[in-house]
Amino acid sequence: MPRQIPYIVGTEGCERFSFYGMRNILTPFLISTLLLFMPLAERAGEAKHVFHTFVIGVYFFPLLGGWLADRFFGKYDTIFWLSLVYCAGHACLAVFEDSLKGFYFGLFLIALGSGGIKPLISSFVGDQFDQTNKNKAKVVYDVFYWMINFGSFFASLLMPYFLSRHGAAVAFGIPGALMFVATIVFWLGRKKYIHVPPAPPDPDSFTRVAYTALLAHKPGQARTGLAVALFGMAGAVASLAMAPQWGFVIAACTALVLLLAFGGIGTSMQLERARGLHPDVAVDGVRAVLRILIVFALVTPFHSLFDQKASTWIVQANSMVPPTINIFGSEFSFVAAQMQALNPLLVMILIPFNNLVLYPALRKMGVEPTPLRRMTTGIVFSALSWIVIGTLQVQMDGGTPTSMLWQVLPYALLTFGEVLVAATGLEFAYSQSPPSMKGVIMAFWFLSITVGSLWVLIVNASIKNDAVLSNIGASGFSVIAFQMYFFAGFAFVAAAVFGWYATRYKMMDNYRSDAAPAKA
């Protein structure tokens, strides 16, 4: 095992405590403190809107971080300096607990810092391996993901307690201190890492090959792909024009999705026209990236379900009966936000269980748990969790007091889905991306999480429409229960399409071919 791996894994454990420590108390803090100026009936909806807008920022800025690392500063320097921005964001949350603008500025800095380093940490792990030891990469990615959840578990359990007992300054200050520790640990390993330098300007880059393919003429053939790309551009402009009605975040993210979707489709339709003008390896690389982006797009419904455990599920838990346990004669009652500790706890159990028990058992039965098969199954389990959570909501809407403990089942189903999708996705994204596109491809993986939260914002905005509310009322379900079943159905459809596409996807192997570091 490369000797530098413990520094990266340790950094990730502290950073994840930092991130989830503040994220998991964000919704209850907004409802109970920062949004008190709003009418009570509107606070939960606004808190969910702020939370998912923050999540969109966190998973949008990987595009910036990936670009800076791949083209200018390299992964190590980009991670280090954005980590300092990250620390500054935490400081703002602790200091500006009573200031809306100051607190939101802190969220922006955390989104920039956390989002900027996200694609780089995981791809930095991959850079430490080559063809001679790539078989250990899967183990490290699993350990890496296990450490994420180790930090998340203690953060989810402790930070709601500190928020309720010691206030926001302490509850947000502790994650800030852990982020500072993460930065120091990462810095200590600087002389041991393998540093793959940023790629020089490439005349055969992804964007240049795509540009050539879209504009190239071919005698006797129309440029249909260009027309498709221009249609996407027009749709993006129209989306931005709707910002006053939709809000800037929804409009801008929708515009980005339209550009990527129709630009990618158009490029794929005309990609062969770039052959001869660019090397075959560059054209094939663009084809590989476009195929990867289809996989990422089909994963977005999973993310729309998963991230709502820190918003919609907390709102539901607030209306449930909290469980109470007796510890050394003292009664301890759980708060809604602490239920999220179930997720990382179950991840730490399921990752070794899958690797040591489930996957070997499947192989003995002649079923190979390939990455795409695991991801398909994971989306299905996430949908099942929302069927259960929706059924609990229907029971509560009927006036039946319901214990928070009933959320254990949907958490177990959602977490099993997460292990199959998210942990696998990190390995898949690195192994499938061409060498010059590692950082950007990882950024697109995280962008799929942004799109997942975009679906949430769109659905939440749609229920403000009188016609939509009328149709929901006619269904016999409450608005929140209807949304839960809607998201479950959304994920089932996505799983079916993902499974179909998985049978047509050809896996690649893009680990480094040599054992020597590109730059010591």
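Counting from 1, the numbers follow the sequence of the chain as shown. Note that the coordinates shown come from a computational prediction; the quantities given were computed from them, not determined experimentally.
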- [ ] Answer with yes or no whether the side chains of Gln338 and Asn24 bring together a donor and an acceptor at under 3.5 Å.
- [x] no

- [ ] Without swapping roles, check the side chain of Thr254 against the backbone of Ile250 for a donor-acceptor pair under 3.5 Å.
- [x] yes

- [ ] Over all heavy atoms of both residues, which pair between Thr450 and Val55 is shortest? Give the atoms and the distance, please.
- [x] OG1-O, 4.3 Å

Mind listing the side-chain donor-acceptor pairs of residues 159-166 below 3.5 Å, one per line with the distance, residues two or more places apart or on another chain?
residue: Ser164; atom: OG; partner: Pro160; partner atom: O; Å: 3.2
residue: Ser164; atom: OG; partner: Tyr161; partner atom: O; Å: 2.9

Open item on the list: Any donor-acceptor pair under 3.5 Å linking the side-chain atoms of Gln340 with those of Tyr411?
Closed with: no

Open item on the list: The criterion is salt bridge (Lys or Arg N to Asp or Glu O under 4.0 Å); which residues satisfy it with Glu12, sequence neighbours excluded?
Closed with: Arg16

Task: Cation-pi, Phe19 ring and Lys118 (6.0 angstrom, 45 degrees) - done: yes

Open item on the list: Within a 6.0 Å radius of atom OH on Tyr20, are there more than 12 heavy atoms belonging to other residues, nucleotides or ligands?
Closed with: yes

Task: Validation row, ring centre Phe487 to ring centre Trp455 under 6.0 Å - done: no

TODO: Locate the shortest heavy-atom distance separating Gly57 from Ala111; write the atom from each residue and the value.
DONE: C-CB, 3.8 Å

- [ ] For Ser403, check side chain to side chain contact (heavy atoms under 4.5 Å, CB included) against everything at least two apart and list the hits.
- [x] Leu405, Trp406

- [ ] Return the minimal non-hydrogen interatomic distance between Thr53 and Val249, and the atom names on each side.
- [x] CG2-CG2, 3.6 Å

Task: Within 6.0 Å of CZ in Phe231, more than 12 heavy atoms from elsewhere - done: no

Task: Within the 6.0 Å centroid threshold, strictly below: Phe29 and Phe172 - done: yes

Task: side chain to side chain contact (heavy atoms under 4.5 Å, CB included) against Val257, all qualifying residues, sequence neighbours excluded - done: Val451, Leu454

Solution key, residues 386-393 side-chain donor-acceptor pairs under 3.5 Å, sequence neighbours excluded:
residue: Trp386; atom: NE1; partner: Leu305; partner atom: O; Å: 3.4
residue: Thr391; atom: OG1; partner: Ile387; partner atom: O; Å: 2.8
residue: Thr391; atom: OG1; partner: Tyr485; partner atom: OH; Å: 3.1
residue: Gln393; atom: OE1; partner: Gln316; partner atom: NE2; Å: 3.1
residue: Gln393; atom: NE2; partner: Asp397; partner atom: OD1; Å: 3.0

Open item on the list: Going by the rule side chain to side chain contact (heavy atoms under 4.5 Å, CB included), which residues pair with Tyr7 if we only count those two or more places apart in sequence or in a different chain?
Closed with: Leu188, Lys192, Tyr193

Open item on the list: Enumerate the salt bridge (charged side-chain N to carboxylate O under 4.0 Å, His left out) contacts for residues 248-264, please, sequence neighbours excluded, ordered by first and then second residue.
Closed with: none

Open item on the list: Taking side chain to side chain contact (heavy atoms under 4.5 Å, CB included) as the definition, give me every residue that meets it alongside Pro6, ordered by chain and number, with sequence neighbours left out.
Closed with: none

TODO: Take the angle between the ring planes of Tyr76 and Phe124 and call it parallel below 30°, perpendicular above 60°, tilted in between.
DONE: tilted

Open item on the list: Using 0.5 Å steps for rounding, measure from the CG atom of Leu447 to the CZ atom of Phe296.
Closed with: 10.0 Å

Open item on the list: Applying side chain to side chain donor-acceptor pair (under 3.5 Å) as the test, list every pair that has at least one member in residues 88-98; sequence neighbours left out.
Closed with: Ser18-His90

Task: side-chain contact (heavy atoms from CB on, under 4.5 Å) partner of Ser448, chosen from Val295, Leu298, Leu293, Thr300 - done: Thr300

Task: Pair Phe103 and Phe96, ring centroids less than 6.0 Å apart - done: no

Open item on the list: Could you report the tightest heavy-atom contact between Ser453 and Ile56, atom names first, then the distance?
Closed with: CB-CG1, 3.5 Å

In a table with atom names and distances, give each donor-acceptor pair under 3.5 Å that connects a side chain of residues 177-187 to protein atoms at least two apart or in another chain.
residue: Thr183; atom: OG1; partner: Met179; partner atom: O; Å: 3.0

- [ ] Taking all heavy atoms of Ala251 and all of Met242, pick out the closest pair and write down the distance.
- [x] CB-C, 4.4 Å

Open item on the list: In this structure, is the centre-to-centre distance between the rings of Trp81 and Phe73 below 6.0 Å?
Closed with: no

Task: Minimal non-hydrogen separation, His52 against Ser311, with atom names - done: NE2-OG, 2.7 Å

Task: Geometric cation-pi criterion, Lys309 with Phe306: 6.0 Å, 45° - done: yes

TODO: Sort and list the pairs that fulfil salt bridge (charged side-chain N to carboxylate O under 4.0 Å, His left out) and have at least one residue in residues 19-35, not counting sequence neighbours.
DONE: Arg23-Asp307

Open item on the list: For residues 36-55, which residue pairs pass the salt bridge (charged side-chain N to carboxylate O under 4.0 Å, His left out) check, not counting sequence neighbours?
Closed with: none

